[in-house]
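Chain letters run A, B, ... following the sequence lines, proteins first, then strands; residues in each count from 1.
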Protein chains: 2
Amino acid sequence: MKSRESTQKNIQPISDFAEYLKEKGLKVTNQRTLVAQKIFNMDSHFSVDHLANELRQKHASISRATIYRIISVMVEGGLLAEHNFGSSSKIYEHISNRKHHDHIICLDCGSIQEFCNEEIETAQLQIAKEMGFELSEHSLNLYGHCVKLKKSGSCSSMKKSTN
Amino acid sequence: MKSRESTQKNIQPISDFAEYLKEKGLKVTNQRTLVAQKIFNMDSHFSVDHLANELRQKHASISRATIYRIISVMVEGGLLAEHNFGSSSKIYEHISNRKHHDHIICLDCGSIQEFCNEEIETAQLQIAKEMGFELSEHSLNLYGHCVKLKKSGSCSSMKKSTN
DNA sequence: TTTATTGCAAAGGGTTTGCACGTGC
DNA sequence: GCACGTGCAAACCCTTTGCAATAAA
């Protein structure tokens with residue numbers, strides 16, 4: 001049931017990807033479709049390892065080399081954001097139809113939450129201007145301990161949510 | 001001449017390191033002293049590779065394994081900050097006696113500049129509070145093109161300043 | 001058919017580790 | 001002398017790549 005719902009709601013981004021591929025003269029392969037489907041149905045941040053495991057459970061084993069290559073295409077096409085949160089591997093999230101945000105990461109359980117702050121965005125533009133830079137991107141990550149999550153019991157310091 | 005000056009001005013941090021080692025019951029070895037000296041005399045951000053090369057030129061070849069181990073001690077001891085600016089290897093900078101700052105990185109030449117912004121710092125604390133986090137650290141990196149440096153000729157898109 | 005894509009296995013690059021030897025204390 | 005530190009080489013982990021087989025257009 002859950003999977004049917006999420007498949008429904010994410011039809012759009014997947015056809016966006018197919019369209020993007022065609023525009024670029026790239027082929028719409030089975031692997032690319034499966035990987036994109038899985039990615040657009042994940043509601044959280046993921047590592048390549050996580051993605052590969054999910055695909056394997058879905059009986060869609062795709063080689064890691066191919067997954068890396070597909071992810072690289074999606075990042076270049078602006079459909080996927082790549083993050084470095086300090087762990088050994090990179091973390092990704094799909095960004096189609098989603099507004100910009102930054103992240104706050106729990107050092108105990110690894111949970112990743114999002115936030116937006118206009119004041120900070122504005123200050124960044126101002127700083128870049130003052131320093132003679134043409135700003136193209138930024139990365140802001142806060143690290144801490146999720147007191148609130150711990151109280152509600154939804155933080156387990158044992159489990160790592162990604163990677 | 002240059003090296004004599006910089007050796008002079010950095011005596012303090014080096015004895016701080018020796019003191020830290022003693023406190024922790026660690027030994028003040030030749031390698032640790034040489035590495036710390038080199039680090040405190042570097043006025044910029046550096047990678048392990050960069051550091052190893054500098055040491056080699058100073059006729060103080062120290063194995064990479066040892067350099068990694070020493071750096072790890074210094075990071076744990078709060079004498080060294082570790083950054084991830086997107087390149088393949090981590091970037092370090094000594095932080096004793098230096099106030100907190102964030103970084104702006106040129107995507108063309110790799111130059112790394114520092115800035116401080118109180119407004120952003122305050123906003124971060126506020127965000128963490130609202131999200132129920134006890135903030136322990138953060139990383140804010142801006143990426144762009146150094147228009148000003150290019151105009152003055154001090155930006156070479158060919159050279160990478162670190163790593 | 002043509003050209004891009006895949007999977008495999010091997011290579012790469014940065015970092016860590018096991019172990020025997022060396023060195024501070 | 002004891003315990004910790006070092007160097008070497010091998011191991012590790014994540015990621016990339018060469019190449020022959022395969023599939024999209």
Engineer: Atom CG of A/D49 and atom P of D/dT16: how far apart are they, to the nearest Å?
Structural biologist: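 So the two atoms are 15 Å apart, to the nearest Å.
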Engineer: Decide yes or no on side chain to side chain contact (heavy atoms under 4.5 Å, CB included) for A/E121 and A/H100, but give the supporting numbers first.
Structural biologist: CA-CA 10 Å; A/E121 300 291 322; A/H100 168 74; 3.0 Å; yes
Engineer: Ignoring hydrogens and angles, answer whether the base of D/dA23 and the side-chain atoms of A/K27 contain a donor-acceptor pair closer than 3.5 Å.
Structural biologist: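 Not at all, since no donor on one side and acceptor on the other fall under 3.5 Å apart.
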Engineer: CD of A/E82 versus C1' of D/dT16: gap in Å, rounded?
Structural biologist: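 Rounded to whole Å, this separation is 14 Å.
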Engineer: Within less than 4.0 Å of OP1 or OP2 of D/dT6, is there a side-chain N or O belonging to B/T29?
Structural biologist: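 Yes.
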Engineer: Under the rule for side-chain hydrogen bond (donor to acceptor under 3.5 Å, both in side chains), what residues qualify as partners of B/E82, not counting sequence neighbours?
Structural biologist: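 If we apply the side-chain hydrogen bond (donor to acceptor under 3.5 Å, both in side chains) test to B/E82, skipping adjacent residues, the hits are B/Y92.
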Engineer: Counting only side-chain N and O atoms of B/Q31, is one of them less than 4.0 Å from OP1 or OP2 of C/dT23?
Structural biologist: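 No, because none of the side-chain N or O atoms of B/Q31 sits under 4.0 Å from OP1 or OP2 of C/dT23.
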Engineer: Are any of the side-chain nitrogens in B/E114 or B/R98 under 4.0 Å away from the carboxylate oxygens of its partner?
Structural biologist: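 Answer for the salt bridge query: yes.
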Engineer: Check whether any side-chain N or O of A/T33 sits under 3.5 Å from a backbone N or O of A/T29 as a donor-acceptor pair, and report yes or no.
Structural biologist: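 Yes, A/T33 side chain to A/T29 backbone: donor-acceptor pair under 3.5 Å.
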Engineer: Kindly check if the number of other-residue, nucleotide or ligand heavy atoms within 6.0 Å of NZ (A/K58) is above 12?
Structural biologist: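 Result for NZ/A/K58: enclosed.
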Engineer: A/L34 has an atom CG; how far is it from atom P of C/dG7, in whole Å?
Structural biologist: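 The answer, rounded to whole Å, is 10 Å.
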Engineer: Minimum heavy-atom separation for B/F85 to B/I105, with atom names?
Structural biologist: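 Heavy atoms of B/F85 and B/I105 come nearest at CD2-CD1, 3.5 Å.
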Engineer: Using a strict 4.0 Å threshold on nitrogen-to-oxygen distance, state whether A/E134 and A/K129 make a salt bridge.
Structural biologist: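 Looking at A/K129 together with A/E134, the answer is no, because their closest N to O distance does not fall below 4.0 Å.
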Engineer: Take atom CG of B/N30 and atom C1' of D/dC4, then tell me their distance rounded to the nearest Å.
Structural biologist: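 B/N30 atom CG is separated from D/dC4 atom C1' by 15 Å.
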Engineer: Under a 3.5 Å cutoff, is there a donor and acceptor pairing between the side chains of B/H50 and B/H45?
Structural biologist: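 The answer is no; no qualifying pair exists.
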Engineer: Here's a test of your reading of the structure: between A/R32 and B/K22, which maps to the more 5' nucleotide of DNA chain C?
Structural biologist: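 With A/R32 and B/K22 compared, the 5'-side residue is A/R32.
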Engineer: Starting at atom NE2 of B/H50, determine the distance to atom P of C/dG14, rounded to an integer number of angstrom.
Structural biologist: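 About 15 Å, once rounded to whole Å.
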Engineer: Please list residues of residues 57-77 of chain A whose heavy atoms come under 4.0 Å from any atom in DNA chain C, ordered by number; otherwise none.
Structural biologist: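 The answer is A/I62, A/S63, A/A65, A/T66, A/R69.
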Engineer: When rounded to the nearest 0.5 angstrom, what is the spacing between CG in B/L135 and CD1 in A/I104?
Structural biologist: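 Between atom CG of B/L135 and atom CD1 of A/I104 there are 6.0 Å.
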Engineer: To the nearest angstrom, how far is A/L55 atom CG from C/dT6 atom P?
Structural biologist: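 About 13 Å, once rounded to whole Å.
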Engineer: Using five pairs at each end of the helix from C/dT1-D/dA25 to C/dC25-D/dG1 to define an axis, what is the angle between those two axes, to 10°?
Structural biologist: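 Result, rounded to 10 degrees: 30°.
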Engineer: When the distance from OH of B/Y92 to P of C/dG14 is rounded to whole Å, what number comes out?
Structural biologist: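 For the pair B/Y92 OH and C/dG14 P, the rounded distance is 13 Å.
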Engineer: Without decimals, in angstroms, what is the distance between B/L26 CG and D/dT6 C1'?
Structural biologist: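 Result: 14 Å.
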